[in-house]
S.K.: 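Just dropping this structure here.
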Protein chains: 2
Amino acid sequence: MSKKLGKLSEISEEKIRNFHEYTRLQGLKTTKQRGTILDVFFRMKGHISVEELYDIVKTVNPRIGYATVYRTLHLLVDSGQVEERRFGDGMSRYEGHSEVERHGHMICEECGQILEFFNEELETLQIKLADELEFDIHYHRHELFGSCMDKSSCAKRRKKNPKLK
Amino acid sequence: MSKKLGKLSEISEEKIRNFHEYTRLQGLKTTKQRGTILDVFFRMKGHISVEELYDIVKTVNPRIGYATVYRTLHLLVDSGQVEERRFGDGMSRYEGHSEVERHGHMICEECGQILEFFNEELETLQIKLADELEFDIHYHRHELFGSCMDKSSCAKRRKKNPKLK
DNA sequence: ATTGATAATGAGAATGATTATTATTTAGCG
DNA sequence: CGCTAAATAATAATCATTCTCATTATCAAT
Ligand SMILES: [Mn+2]
Ligand SMILES: [Mn+2]
Ligand SMILES: [Zn+2]
Ligand SMILES: [Zn+2]
């Protein structure tokens with residue numbers, strides 16, 4: 001497979017197995033294209049856009065179409081192995097859930113870096129607030145936009161372009 | 001102005017004044033179209049889509065174009081008098097901030113109702129978590145998706161369409 | 001009131017991410 | 001192998017939003 005892609009992690013391999021179990025139960029078929037897309041996706045890290053994924057998939061098999069990447073990503077979400085994110089940059093991003101299934105994101109508006117956070121107290125508080133309004137939470141989205149001021153990547157970017165808002 | 005629109009609240013009038021102050025400082029001009037759009041917008045309540053706003057603006061002055069509504073909304077956001085929201089229904093929504101400037105939303109996936117919440121402890125916790133990662137928050141987005149199970153609007157919708165996921 | 005510089009508008013074209021369509025290919029299974 | 005349904009690739013369509021550009025309006029200076 002692609003040279004610059006790392007090895008599949010244990011957890012990724014399990015996700016792939018879960019995915020196949022899901023498609024089997026749904027009476028869906030196994031295809032080479034999906035195999036390639038899964039393999040590439042789970043070797044990437046971070047919050048991956050369709051385009052980022054497609055660009056690498058292309059290097060493995062240039063004949064795979066854009067629509068198939070979209071379809072496979074949707075299937076991955078449906079199967080519960082991957083989550084869709086929208087950070088407001090105009091496109092969906094996907095991530096195989098981290099160890100912590102429910103986490104929030106801090107998004108640096110200056111350098112684009114994304115930090116993740118999780119806090120038990122926060123989860124509890126959310127549920128309490130929902131209860132008060134008789135609301136049943138299916139999932140949540142918690143994003144903090146700002147700047148990772150002291151981080152080197154951000155500082156570097158700032159130096160290059162000091163006029164950044 | 002349009003018959004079915006209410007009276008401008010004190011706070012809305014202040015927002016309109018602030019907007020004019022902003023445009024003045026920016027060397028921008030005052031136009032009838034913006035006046036109409038502001039007036040309509042601030043008489044509406046809730047989380048308003050561009051289309052919803054445009055539909056009413058049309059009834060006041062049918063010659064106002066869609067692009068002008070977009071442009072005015074962007075100006076309102078830039079001026080800090082209005083906030084943009086994206087709840088995942090494929091379009092932006094806008095709200096003149098409520099009394100509580102920073103609040104979260106609970107969005108019912110069954111009936112579409114939107115509840116707002118605010119909690120001081122939550123805000124404090126967020127800041128603490130951001131501090132730990134040396135992150136400076138400009139603004140945040142906190143959305144809980146689920147169902148407002150015991151609310152009548154939701155129950156009604158459910159009864160009409162019991163097959164709803 | 002007139003003018004001139006420039007911002008604003010309106011109509012429609014363009015954009016860009018995503019989804020739908022359709023003819024063709026492929027997987028799964030007896 | 002041969003059938004049937006699912007999957008694919010290529011491409012067209014969709015749809016919210018943004019852009020273009022010719023025309024009009026604002027406003028400060030005259
Ligand atoms: Mn994440
Ligand atoms: Mn709100
Ligand atoms: Zn940064
Ligand atoms: Zn509801």
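Quick note on labels: first sequence line is chain A, next is B, and so on, each numbered from 1. Every value quoted in this text rests on a predicted model; they were computed, and no experiment measured them.
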S.K.: Specify the separation, in whole Å, of atom OH of B:Tyr94 and atom P of D:dA16.
M.R.: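 Rounded to whole Å, this separation is 13 Å.
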S.K.: Please round to the nearest 0.5 Å and tell me the distance separating atom CZ of B:Phe117 and atom CG of B:Leu144.
M.R.: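 It is 4.0 Å, given to the nearest 0.5 Å.
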S.K.: Just how far, in rounded Å, is P of D:dT18 from CD of B:Glu51?
M.R.: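 Rounded to whole Å, this separation is 15 Å.
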S.K.: Tell me whether the side-chain N/O atoms of B:Tyr70 come closer than 4.0 Å to OP1 or OP2 in D:dT17.
M.R.: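 Indeed, a polar side-chain atom of B:Tyr70 lies that close.
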S.K.: Determine: side-chain N/O of B:His74 to OP1/OP2 of D:dT18, distance under 4.0 Å, yes or no.
M.R.: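 Yes, such a contact exists.
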S.K.: Should B:Lys128 and B:Asp131 count as an ion pair when the cut-off is N to O under 4.0 Å?
M.R.: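 Result for this pair is no, no salt bridge flagged.
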S.K.: Under 4.0 Å, counting only non-hydrogen atoms across every strand here, what does A:Arg71 touch: a base, just sugar-phosphate, or nothing?
M.R.: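 Result for A:Arg71 = base.
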S.K.: Could you give the CD-to-P distance, from B:Glu84 to D:dA16, as a whole number of Å?
M.R.: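 It works out to 15 Å between those atoms.
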S.K.: Measure the distance from CZ on A:Arg63 to C1' on D:dA9 and round it to the nearest whole Å.
M.R.: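 So the two atoms are 8 Å apart, to the nearest Å.
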S.K.: Of A:Glu123, A:Glu95, A:Glu83, which is the lone residue that meets side chain to side chain donor-acceptor pair (under 3.5 Å) with A:His103?
M.R.: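 In the set A:Glu123, A:Glu95, A:Glu83, the residue that makes a side chain to side chain donor-acceptor pair (under 3.5 Å) with A:His103 is A:Glu95.
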S.K.: Can you confirm whether A:Glu51 is buried at CD, in the sense that more than 12 heavy atoms of other residues, nucleotides or ligands lie under 6.0 Å from that atom?
M.R.: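 No, because the 6.0 Å sphere around CD of A:Glu51 holds 12 heavy atoms or fewer from other groups.
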S.K.: How far does the helix from C:dA1-D:dT30 to C:dG30-D:dC1 bend, going by the axes of its first and last five pairs, to the nearest 10°?
M.R.: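 What I find for the helix from C:dA1-D:dT30 to C:dG30-D:dC1 is an axis angle of 20°.
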S.K.: A quick test of your reading: do over 12 heavy atoms of other residues, nucleotides or ligands sit less than 6.0 Å from CD of B:Glu10?
M.R.: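 Atom CD in B:Glu10 is not packed in, count stays at 12 or less.
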S.K.: Does any N or O in the side chain of A:Arg85 come within less than 3.5 Å of the main-chain N or O of A:Ile48, such that one atom is a donor and the other an acceptor?
M.R.: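 Between the backbone of A:Ile48 and the side chain of A:Arg85 there is no qualifying donor-acceptor contact (under 3.5 Å).
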S.K.: Please report the interatomic distance CD(A:Gln81) to CD(A:Glu21), rounded to the nearest 0.5 Å.
M.R.: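 Here the rounded value is 10.5 Å.
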S.K.: How close or far is atom P of D:dA7 from atom CD1 of A:Ile37, stated in whole angstroms?
M.R.: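 Atom-to-atom, A:Ile37 to D:dA7, this comes out as 12 Å.
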S.K.: To the nearest angstrom, how far is A:Arg34 atom CZ from D:dA9 atom C1'?
M.R.: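 Rounded to whole Å, this separation is 14 Å.
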S.K.: From A:Cys148 SG over to B:Glu134 CD, what is the distance, rounded to the nearest 0.5 angstrom?
M.R.: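 Reported to 0.5 Å precision, the distance equals 9.5 Å.
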S.K.: Which residue in the set B:Arg93, B:His105, B:Glu84 passes side chain to side chain donor-acceptor pair (under 3.5 Å) when paired with B:His47?
M.R.: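 Among B:Arg93, B:His105, B:Glu84, the one that satisfies the side chain to side chain donor-acceptor pair (under 3.5 Å) with B:His47 is B:His105.
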S.K.: For A:Arg86 and D:dA16, what is the distance between atoms CZ and C1' respectively, to the nearest whole Å?
M.R.: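 To the nearest whole Å, that distance equals 13 Å.
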S.K.: Reading DNA chain C 5' to 3', which nucleotide is the first, and which the last, to come under 4.0 Å of any heavy atom in chain A?
M.R.: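 Result: C:dA17 to C:dG28.
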S.K.: Could you encode protein contacts along nucleotides 25-30 of chain D as a string, one character per nucleotide from 5' to 3', using B for base contact, S for sugar-phosphate-only contact and - for no contact, with a heavy-atom cut-off of under 4.0 Å?
M.R.: BBS---
S.K.: Rounded to the nearest 0.5 Å, what separates atom OH in A:Tyr54 from atom OG in A:Ser49?
M.R.: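 The OG atom of A:Ser49 is 13.0 Å from OH of A:Tyr54, to the nearest 0.5 Å.
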S.K.: Taking A:Met91 as the starting point, is it possible to reach A:Tyr66 by hopping between hydrophobic residues whose side chains are less than 4.5 Å apart?
M.R.: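 Looking at the clustering, A:Met91 is in a separate group from A:Tyr66.
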